[in-house]
Amino acid sequence: MNGSSGIEARGLRNRYIGGLSGGEVGERVTVCGWVARVREHGEHLVFVDVRDYSGIVQVVAHSTLDLRSEYVVQVDGLVSMRPPGTENPGLATGNIELTETVIEVLSSADPPPFSLLDRVDVDEATRLRFRYIDLRRDRMQHNLRARARINSAIRSSMERQGFTEIETPLLWTPTPEGAREFVVPSRLHQGSTYVLPQSPQIAKQLLMVAGFDRYYQIARCLRDEDLRADRQFEFTQLDLEASFVTQRDIMDFISDAVVSAAEAADIHVNSEIGEISWKDAMDRFGSDKPDMRFGNELIDVTSVFARTEVRALSSPCLKALVAPNPVSLSRSKLDDLVDRAKLLGAKGLLWLRVVASDNGLLLESPVSKFLTEQETSDLIAAAQVADGDIILIVGDIWEKACQVLGQVRLDLGKSQAHPDEYKFTWVVDFPLFEGIDQDGRLISAHHPFTMPNQEDFPRLESDPLSVRSQSYDLVLNGWELGSGSIRIHRGAIQSKIFSLLGISEEEAHNRFGFLLEAFKFGAPPHGGFAFGIDRLAALLVGEENIREVIAFPKTQSGSDLMTGAPKEIDRKVWDLLGLAVKDSKKDLS
RNA sequence: GGACCUGUGGUGCAGCCUGGAGUGCACGUCGGCCUGUCAAGCCGAAGGUCGCGGGUUCAAAUCCCGUCAGGUCCGCCA
């Protein structure tokens, strides 16, 4: 027990650097690590900072030994107090140093392509090309180790709550819908393919039919969709499913897991996680994944302008936002906001500046002269504004108006969210269907196995778009961490949903036949959830990009800059799979 | 599929708008000096396809077009 993490040093060393302390003065120790820095004062005095994962220690040498940055060394030396006045309070081992040292170079090293110091910004493409060097940096060491602790805490939480870890296949069967799947051609069945699972969704439902009661897995999921700051081709989810439970039970299981995960990252969360309905989230925050670390909620002002003469204000729905930081909004910034709103799909955005005058508060705006006195005073009252405030209004159908202004709210307000605050929120009562496609068929909001809300059953035929589902999302600081639902376990309901979705019996059989068949043999009521561990870990370590918590991520165009993947392969491999390449940038021969 | 930003010695940046010799800064690298530094210090040196291709011009890092790469976003992600 002599490392900073309490593990025993063995093999080529008998101490971890981070564990060295004044208590060992007078002992000879052997440590191993990388040369972090050399400070040479002539051949009689050389300071070498040696780094292992646990810390850095100053090694005093007297030789002319050729030591350069990132050389791998074994140092045998005497733990000594530093001479008075030369202690370094910035270093955990700053009151001691290793003297009378014997240094052996285990590996020499070329100068690294970039500085290993966190304070030096390096282009991400360069970091990814030499990822193994980038990973030596404190930031990545900290992030990946925090992620490991998060994983461990999640596993403990699951075990504590009686869940059984079960692995599911990576080579799965195509179920064409939802995310685009990665395809794996079969050699033994030419022309046929496996696909990599976008999630273990169906497999885990089968495990419920199989009677495992509570299943979980830290599962890799793969989706061939375009990448983003919070999306990689492959990502990791905590996936769970449980039988004979309610929505509330699943939410409790997950709450325990994420609160434990946060604690593992030294972040304390109020164990009471807030809850908001999808409708309220849209109405008040203009998002189904609201960032609730700051206020500035949207205000409905439709009724204020119910009889307006102004064309820009005659919309089915008008949402208003009081700008969180009005002083910074110059005329040109306001014009930018109008452009931004249009880019987001709004017809426009109206701004009104509140100014005090002898006659009370007035509104300055391109449309102010068209507003009646009643409208002006009603708007000022509804928005509860004061001198200097700026009111932003978007008019459209309800969902669009909310979404656009919700995005503007984030653009303007995010900077005032406290970076150390962690606001988990449950979003519940999602609609079962998110709309109607061109052919008049309903579109699933979650997936077609989601159980409708019991109270809304009678409206499935008459008013399907108003039907809520037993599904629930977990949101953290404006990021969707994951979602889950109670599943349909009875054939009659499933058939009804399939028919509403316009999925024929034959089509359902082709896609999910094995699942529907399984449900005939005694399916327990069940439900589950999955949340993204990459996203959770990124948020908990304060990163804005999940690549910072992934050891070897892909670029936005799906390349691995270190290995060069994806690469063209030999034609013989295609032949073996019974495939031919139609178009290729290079001749493959 | 689309919009926007970025690309200049090994690293980070300035130069670009308003064309005039690869001009500058910091770090690193290499060499020399240096016995208490810790982002050591001092002196010196090396290091460049200004992403790539084309165009405009007497002249292009700079202006224009195309293209590649990286990033952010829209679409997409049941």
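Computed from a predicted model, the values in this text were never measured in an experiment. Lettering of chains follows the sequences in order, A, B, ..., and the numbering in each one begins at 1. As a basis for the values below, the full set of heavy atoms in this structure was taken, side chains included, without hydrogen atoms, waters or symmetry mates.
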Within the 4.0 Å heavy-atom criterion, would you say [X] contacts the bases, only the backbone, or no part of the nucleic acid?
{"X": "Glu434(A)", "value": "nothing"}
{"X": "Gln232(A)", "value": "nothing"}
{"X": "Ser559(A)", "value": "sugar-phosphate"}
{"X": "Gln407(A)", "value": "nothing"}

Considering only side-chain heavy atoms of [X], which listed nucleotide, [options], is closest?
{"X": "His44(A)", "options": "rU35(B), rG71(B), rC74(B)", "value": "rU35(B)"}
{"X": "Arg228(A)", "options": "rG36(B), rC73(B), rU11(B)", "value": "rC73(B)"}
{"X": "Arg547(A)", "options": "rU37(B), rG71(B), rC77(B)", "value": "rG71(B)"}
{"X": "Ser69(A)", "options": "rG36(B), rU29(B), rG71(B)", "value": "rU29(B)"}
{"X": "Ala179(A)", "options": "rU37(B), rC77(B), rG71(B)", "value": "rC77(B)"}
{"X": "Arg180(A)", "options": "rG70(B), rC34(B), rC76(B)", "value": "rC76(B)"}
{"X": "Arg119(A)", "options": "rU29(B), rU37(B), rA39(B)", "value": "rA39(B)"}
{"X": "Arg231(A)", "options": "rG10(B), rU72(B), rC77(B)", "value": "rC77(B)"}
{"X": "Ala229(A)", "options": "rU72(B), rU37(B), rG10(B)", "value": "rU72(B)"}

Distance between [atom1] atoms of [N] and [M] (Å, rounded):
{"N": "rC76(B)", "M": "rC68(B)", "atom1": "P", "value": "24 Å"}
{"N": "rU8(B)", "M": "rC50(B)", "atom1": "C1'", "value": "4 Å"}
{"N": "rU56(B)", "M": "rA61(B)", "atom1": "P", "value": "16 Å"}
{"N": "rG51(B)", "M": "rG10(B)", "atom1": "P", "value": "13 Å"}
{"N": "rG55(B)", "M": "rG9(B)", "atom1": "P", "value": "25 Å"}

Original post:
Hey, is Arg228(A) close enough to Asp230(A) for a salt bridge, meaning N to O under 4.0 Å?
Top reply: no
Original post:
Salt bridge check: are Lys204(A) and Asp239(A) linked by an N-O gap of less than 4.0 Å?
Top reply: yes
Suppose we define a pair by two distances each less than 3.5 Å, Watson-Crick or G-U wobble; what does [N] pair with here?
{"N": "rU72(B)", "value": "rA3(B)"}
{"N": "rG20(B)", "value": "rC58(B)"}
{"N": "rG10(B)", "value": "rC27(B)"}
{"N": "rC42(B)", "value": "rG32(B)"}

Report all interatomic pairs (protein N or O, nucleotide N or O of nucleotides 12-16 of chain B) with separations under 3.5 Å.
| residue | atom | partner | partner atom | Å |
| --- | --- | --- | --- | --- |
| rG12(B) | OP1 | Asp123(A) | N | 2.6 |

Donor-acceptor pair under 3.5 Å, [X] side chain vs [N] base:
{"X": "Arg127(A)", "N": "rU11(B)", "result": "no"}
{"X": "Gln58(A)", "N": "rU37(B)", "result": "yes"}
{"X": "Arg82(A)", "N": "rC38(B)", "result": "yes"}

Original post:
With a 3.5 Å cut-off and no angle check, do the side chains of Arg487(A) and Gln470(A) form a donor-acceptor pair?
Top reply: no
Original post:
Using centres under 5.5 Å plus planes under 30 degrees as the test, is Phe114(A) stacked with rU11(B)?
Top reply: no
